[in-house]
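What follows is a single structure, written as structure tokens, with notes after it.
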2 protein chains.
Amino acid sequence: MTKQICRKKLSASQEDYLEAIWMLIWKEGVARVRDIADWLGVSMPSVSGALKALAQRKLVEYSPHKYVSLSDRGMELAEKILARHKMLRKFLTDVLNLDEQLADGNACRIEHAVDEIVSQRLGYFVEFVAQNAGASQLAEEFKGFCRQQDPAKGDGPSGAKENGSLTLAEIKPGQKAKIVSINGSAARSQRLAKAGVRRDCVVRVIRMAPLGDPIEIEVDGSKLAVRKAEAIDIEVEKLE
Amino acid sequence: MTKQICRKKLSASQEDYLEAIWMLIWKEGVARVRDIADWLGVSMPSVSGALKALAQRKLVEYSPHKYVSLSDRGMELAEKILARHKMLRKFLTDVLNLDEQLADGNACRIEHAVDEIVSQRLGYFVEFVAQNAGASQLAEEFKGFCRQQDPAKGDGPSGAKENGSLTLAEIKPGQKAKIVSINGSAARSQRLAKAGVRRDCVVRVIRMAPLGDPIEIEVDGSKLAVRKAEAIDIEVEKLE
DNA sequence: ATTGCTTGGTAGGCATACCTAATAATAGTA
DNA sequence: TACTATTATTAGGTATGCCTACCAAGCAAT
Ligand SMILES: [Mn+2]
Ligand SMILES: [Mn+2]
Ligand SMILES: [Mn+2]
Ligand SMILES: [Mn+2]
């Protein structure tokens with residue numbers, strides 16, 4: 001295998017160097033080692049080292065003691081990561097209504113953790129909230145919702161929705177419930193019935209997997225695991 | 001300074017070890033080096049090393065060749081990070097409508113990048129969307145919005161909101177605009193007026209900083225930087 | 001008890017990403 | 001031009017977090 005440019009994904013730190021260089025070129029016209037170091041809060045030797053690695057990947061044009069510039073590819077990547085930063089920042093400030101500085105710091109960390117598709121989809125969401133007339137009033141409603149949550153601190157009566165219909169997925173471990181109805185496909189109902197899960201019978205939730213799926217229940221003295229997708233189609237009535 | 005337990009924040013990798021141990025204890029009853037290694041996709045020596053570091057911090061109880069268990073503090077941290085993972089996963093699947101597997105992977109990376117407040121606020125948001133009747137229809141609307149975006153690929157007519165009132169912050173670099181009115185404090189209006197930014201005068205946006213702030217404009221042949229906070233209070237009329 | 005597989009640990013190495021201290025180059029100023 | 005302050009590089013060190021290769025303990029079947 002001959003020597004070739006490494007196409008492996010950039011590290012978080014490398015992405016931040018590109019971002020910083022882009023920013024400094026924008027702001028000051030040129031990027032110098034000193035300014036990159038100050039911007040990122042690292043020492044100058046750290047910058048020298050990072051630049052060598054980036055130069056090897058042909059992302060920056062760099063000869064010692066000269067100004068640093070970005071290659072076309074480097075520019076492209078820098079702009080991509082910066083767009084992500086901006087989008088995340090906007091989400092945190094505009095949708096979650098968070099403080100600018102906090103948003104900025106978090107955005108610059110999350111930007112390295114999200115896949116392209118996720119970034120894109122979240123971008124759509126931010127735009128959607130910004131554009132959609134019905135949605136922008138949502139931002140206001142959400143502020144109210146936060147005020148409700150923040151001072152209360154207790155979990156409050158969040159479990160029981162006003163909805164009226166309670167599903168098996170909402171029963172907490174240890175509690176018993178009587179089955180009111182089983183919705184969904186007939187095949188599924190049949191399968192559940194064979195396992196003892198029928199209308200009017202009483203089940204006890206033993207425990208719930210960490211991500212809420214599956215749910216382990218006891219019915220007629222025997223254990224059974226129910227998928228969350230099934231549980232939300234099983235209407236129940238809580239018993240004490 | 002005497003020897004004491006390090007209270008520095010855990011590394012991303014350490015958080016993942018705690019998460020894995022918690023999960024395995026939940027699933028299998030016990031956590032063994034072998035299973036932790038398999039779960040996280042690392043070698044057994046890596047696990048041994050990580051466990052030593054976690055034991056030193058009193059987060060796991062660990063004596064060689066015995067099962068691994070979590071201390072109270074370790075349990076607490078594991079549950080905190082797991083809750084974060086779950087919440088992020090729910091956001092990605094339920095709000096952004098992303099694939100479960102993709103959501104899980106991204107959640108497990110983002111979970112180490114968000115501050116407590118951000119995590120909490122995003123949690124509120126997920127709950128808000130889930131509970132709010134008006135908001136849950138938003139999920140449907142958003143799906144439609146995504147379908148619109150995905151195939152189109154072009155930027156679309158995203159700039160001009162139906163709103164009618166256009167502000168200086170929305171003018172793109174290179175374009176000219178006539179100032180209609182300047183809102184906000186009188187002191188600010190005065191300061192801007194002194195710089196040449198007055199009602200009915202024409203400005204040209206030169207460029208916008210990467211994060212949209214500040215905006216560089218040309219007025220009366222001289223350059224001027226305007227903060228975004230100011231720009232959104234300056235109503236304009238776009239000129240060609 | 002002996003054997004042999006699985007599990008767990010140690011030793012040693014590599015890559016990344018930082019640091020400080022010392023040295024070299026450059027630029028500004030007398 | 002010569003001196004000086006600033007900027008940049010090199011050298012050498014630390015901390016993580018991973019790896020492979022090898023060694024040691026545990027356990028089950030013979
Ligand atoms: Mn960043
Ligand atoms: Mn960033
Ligand atoms: Mn994780
Ligand atoms: Mn996780």
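We name chains A, B, ... by the order of the sequence lines, and we start the count at 1 in each one. Computed from heavy atoms alone, side chains included, the values below leave out hydrogens, waters and symmetry copies.
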Sub-3.5 Å donor-acceptor pair from the side chain of [X] to the main-chain atoms of [Y], do we have one?
| X | Y | answer |
| --- | --- | --- |
| A:Arg57 | A:Gly74 | no |
| A:Arg84 | A:His112 | no |
| A:Arg121 | B:Asn97 | yes |
| A:Asn106 | B:Asp115 | yes |
| B:Ser119 | B:Val114 | no |

The side chain of [X] is closest to which nucleotide in this list: [options]?
| X | options | value |
| --- | --- | --- |
| B:Val42 | D:dT9, C:dC19, D:dC18 | D:dC18 |
| A:Ser11 | D:dT7, D:dT20, C:dA17 | C:dA17 |
| A:Pro45 | D:dT16, D:dA11, D:dC18 | D:dA11 |

[X] has an atom [atom1]; how far is it from atom [atom2] of [N], in whole Å?
| X | N | atom1 | atom2 | result |
| --- | --- | --- | --- | --- |
| A:His65 | C:dA24 | NE2 | P | 11 Å |
| A:Leu24 | D:dT7 | CG | C1' | 15 Å |
| B:Leu54 | D:dT16 | CG | P | 12 Å |
| B:Glu28 | C:dT7 | CD | P | 13 Å |
| A:Asp35 | D:dA8 | CG | P | 7 Å |
| B:Leu51 | D:dT16 | CG | P | 16 Å |
| A:Met44 | C:dC18 | CE | C1' | 15 Å |
| A:Lys8 | D:dC18 | NZ | P | 14 Å |

Here's a test of your reading of the structure: between B:Arg34 and A:Gly41, which maps to the more 5' nucleotide of DNA chain C?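 Between the two, 5'-proximity favours B:Arg34.
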
Want to settle it: does A:Gln14 or B:Gly49 sit nearer the 5' end of DNA chain C, counting the closest nucleotide to each?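 Whichever sits nearer the 5' end wins; that is B:Gly49.
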
For a quick check of understanding: with a heavy-atom distance under 4.0 Å over all strands, which category does [X] fall into, base, sugar-phosphate or nothing?
| X | value |
| --- | --- |
| B:Tyr67 | nothing |
| A:Lys52 | sugar-phosphate |
| A:Ser13 | sugar-phosphate |
| B:Ser46 | base |

OP1 or OP2 of D:dC18 under 4.0 Å from side-chain N/O of B:Tyr17: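 For D:dC18, OP1/OP2 do have a side-chain N/O of B:Tyr17 under 4.0 Å.
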
Phosphate-side-chain proximity, B:Ser43 and D:dC18, N/O vs OP1/OP2 below 4.0 Å: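 Result: no.
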
